[in-house]
Amino acid sequence: MEGVADGARSGHDGEEHRGHLVDDNVPVADGTLTSGNASGAEGDGTASRGRSRTNGNGAGNGPGDSASRPNKPRSFCKELPILIGIALVLALLIKTFLVQAFSIPSDSMQKTLQRGDRVLVDKLTPWFGSKPERGEVVVFHDPDNWLDGEPRAEPNAAQQVLSWIGLMPSVEEKDLIKRVIGVGGDTVECKGAVPLKVNGKALNEPYVYPGDTPCSKDMGGQFKVEVPQGYMWVMGDHRQNSHDSRYNQDDKYHGMVPVREVVGRAIVNAWPISRWGTLSVPDTFDQEGLNH
């Protein structure tokens with residue numbers, strides 16, 4: 001019988017077994033509790049101690065039954081808030097330490113980047129001591145009011161929250177994106193209409209906006225500077241439409257950007273899909289003799 005030890009029966013057939021001892025060597029059914037010296041059932045119909053209790057459906061209620069009973073699955077409605085919480089925490093960690101999305105607010109980096117493009121910025125490598133290198137496109141905090149007077153979009157509450165957790169591009173209007181032209185120890189110069197030079201080497205700049213000259217003749221477009229250690233000289237690819245290092249030489253850093261203000265390197269133009277592509281360092285910055 002299922003769930004009942006051999007030799008223990010209900011009171012309905014107990015008469016024929018009264019006074020007979022049960023052989024202790026008879027095997028006991030799985031999950032059944034025994035007293036070790038089970039006797040036949042009493043005539044009042046009460047099950048012997050060796051018999052497991054059953055409910056009306058014949059299912060056992062002993063410890064063995066609870067151990068084998070499968071756990072009831074958690075309701076999806078109860079799990080959903082937990083999953084959302086985990087996703088938000090992961091998004092915040094990724095945004096803080098790994099990768100963050102930024103929206104391009106102006107035309108200063110045309111033709112490489114268009115207004116409204118979304119780029120992904122690598123924020124991890126600076127944590128390991130990586131420094132900006134020539135030719136990289138970097139995002140950095142406004143070093144000394146470069147953005148004063150520039151129009152700013154006012155994000156709504158939802159955009160602010162989603163931007164804070166990294167699910168939308170940053171709405172922080174105090175960040176800029178430019179190309180690194182010179183790093184600590186470099187000499188950068190523009191003289192006349194000749195190409196831009198770094199450490200005396202002329203740069204071939206195919207990324208410059210069509211129709212622009214690499215060195216403009218306007219005020220600020222002609223210069224020769226030495227970049228201090230811990231700083232960088234940056235310029236936009238749209239040379240005639242970029243308020244960059246050239247036009248901020250009267251600030252407290254003389255147009256230089258402290259490396260500590262760098263948020264990270266822009267590595268991918270992620271949106272729109274039609275303009276997806278990596279932002280690699282142009283070959284002109286790998287030419288022989290450029291390094292000291």
Side-chain angles (χ1 to χ4, degrees), residues 100-122 132-153 155 169-183 188-190 195-196 198 203-223 225 227 231-251 253-259 261-272 275-282 284-285:
Q100 184 175 0
F102 284 83
S103 179
I104 305 304
S106 70
D107 299 325
S108 67
M109 282 298 293
Q110 289 180 323
K111 62 180 180 176
T112 304
L113 297 171
Q114 305 291 337
R115 184 193 298 260
D117 283 356
R118 267 65 167 173
V119 298
L120 298 182
V121 175
D122 168 25
E133 298 182 2
R134 304 183 199 95
E136 293 181 346
V137 176
V138 297
V139 172
F140 56 94
H141 300 309
D142 188 342
D144 189 26
N145 300 317
W146 287 19
L147 291 174
D148 276 6
E150 295 290 332
R152 299 182 184 180
S170 173
V171 294
E172 174 58 68
E173 296 297 332
K174 285 294 186 179
D175 292 334
L176 298 94
I177 184 167
K178 305 290 180 187
R179 189 179 299 275
V180 179
I181 302 298
V183 295
V188 184
E189 61 179 315
C190 267
L196 175 66
V198 177
L203 299 182
N204 175 28
E205 300 184 281
Y207 45 81
V208 170
Y209 186 72
D212 284 3
T213 56
C215 290
S216 58
K217 293 184 178 181
D218 57 355
M219 184 178 298
Q222 300 289 297
F223 60 88
V225 297
V227 184
Y231 292 82
M232 59 186 186
W233 180 269
V234 299
M235 298 172 68
D237 291 352
H238 197 340
R239 293 290 159 81
Q240 271 67 55
N241 190 19
S242 176
H243 192 66
D244 49 40
S245 290
R246 297 169 296 169
Y247 303 104
N248 289 283
Q249 295 185 62
D250 57 350
D251 71 5
Y253 298 120
H254 307 292
M256 310 293 172
V257 177
V259 170
E261 299 294 344
V262 173
V263 175
R265 174 189 172 188
I267 53 176
V268 173
N269 186 5
W271 189 264
R275 290 183 42 76
W276 189 96
T278 58
L279 299 173
S280 57
V281 175
T284 188
F285 290 95

Inset, instruction - Give, for atom CG of Leu203 and atom CZ of Arg134, the distance between the pair rounded to the nearest 0.5 Å. - result: 9.5 Å
Legend entry - Asp212 and its side-chain hydrogen bond (donor to acceptor under 3.5 Å, both in side chains) partner, picked from His238, Lys111, Arg239: His238
Inset, instruction - Please tell me if the side chains of Asp218 and Tyr247 come closer than 4.5 Å, counting only heavy atoms from C-beta onward. - result: yes
Inset, instruction - Heavy atoms only: give me the nearest Pro132-Val262 pair and the separation to one decimal. - result: CG-CG2, 3.8 Å
Legend entry - Min side-chain heavy-atom separation Arg246-Ser216 under 4.5 Å: yes
Legend entry - Within-4.5 Å side-chain heavy-atom neighbours: Asn248 and Asp144: no
Inset, instruction - Give the ring-plane orientation class for Tyr231 versus Tyr253, where under 30° counts as parallel, over 60° as perpendicular and anything between as tilted. - result: tilted
Inset, instruction - Test Leu113 against Leu279 for side-chain contact (heavy atoms from CB on, under 4.5 Å), laying out the working first. - result: CA-CA 10 Å; Leu113 297 171; Leu279 299 173; 4.2 Å; yes
Inset, instruction - Would you indicate whether the side-chain heavy atoms of Asp251 and Asn145 approach each other to under 4.5 Å? - result: no
Legend entry - pair Met256-Trp233: side-chain heavy atoms closer than 4.5 Å: yes
Inset, instruction - Side-chain contact test, heavy atoms from C-beta onward, threshold under 4.5 Å: evaluate it for Glu205 versus Ile181 and give yes or no. - result: yes
Legend entry - side-chain contact (heavy atoms from CB on, under 4.5 Å) between Trp146 and Val257, worked out: CA-CA 11 Å; Trp146 287 19; Val257 177; 3.7 Å; yes
Legend entry - Value rounded to 0.5 Å, distance of OG in Ser108 from NE2 in His243: 11.0 Å
Inset, instruction - Would you check if Ser245 and Lys178 make a side-chain contact, meaning some heavy-atom pair closer than 4.5 Å? - result: no
Inset, instruction - Starting at OG1 of Thr278, measure out to CD1 of Ile267 and round the result to the nearest 0.5 Å. - result: 9.5 Å
Legend entry - Asp107: salt bridge (Lys or Arg N to Asp or Glu O under 4.0 Å) partners, not counting sequence neighbours: Arg115
Legend entry - Any donor-acceptor N/O pair, Arg179 side chain to Gly135 backbone, under 3.5 Å: yes
Legend entry - Result of checking Val263, Asp175, Val234 against Phe140 for side chain to side chain contact (heavy atoms under 4.5 Å, CB included): Val234
Legend entry - Which atom of Gly220 lies closest to which atom of Gln249, heavy atoms considered: O-NE2, 4.1 Å
Inset, instruction - Kindly give the heavy-atom pair with the smallest separation between Leu176 and Pro143, and that separation in Å. - result: CD1-CD, 4.4 Å
Legend entry - Heavy-atom check, side chain of Asp237 versus side chain of Gln110, under 4.5 Å: no
Inset, instruction - Mind checking salt bridge (Lys or Arg N to Asp or Glu O under 4.0 Å) for Asp117 and listing every partner two or more places apart, or none if nothing turns up? - result: Arg275
Inset, instruction - Mind checking the CE-CD spacing from Met232 to Glu261? Nearest 0.5 Å is all I need. - result: 9.0 Å
Inset, instruction - Output the distance between atom CG (Asn269) and atom OG1 (Thr112), rounded to the nearest 0.5 Å. - result: 9.5 Å
Inset, instruction - Would you give the length of the straight line joining atom OG1 of Thr213 to atom CG of Leu196, rounded to the nearest 0.5 angstrom? - result: 11.0 Å
Legend entry - Closest approach of Leu120 to Ala270 (non-hydrogen atoms, all atoms of both residues): CG-CB, 4.0 Å
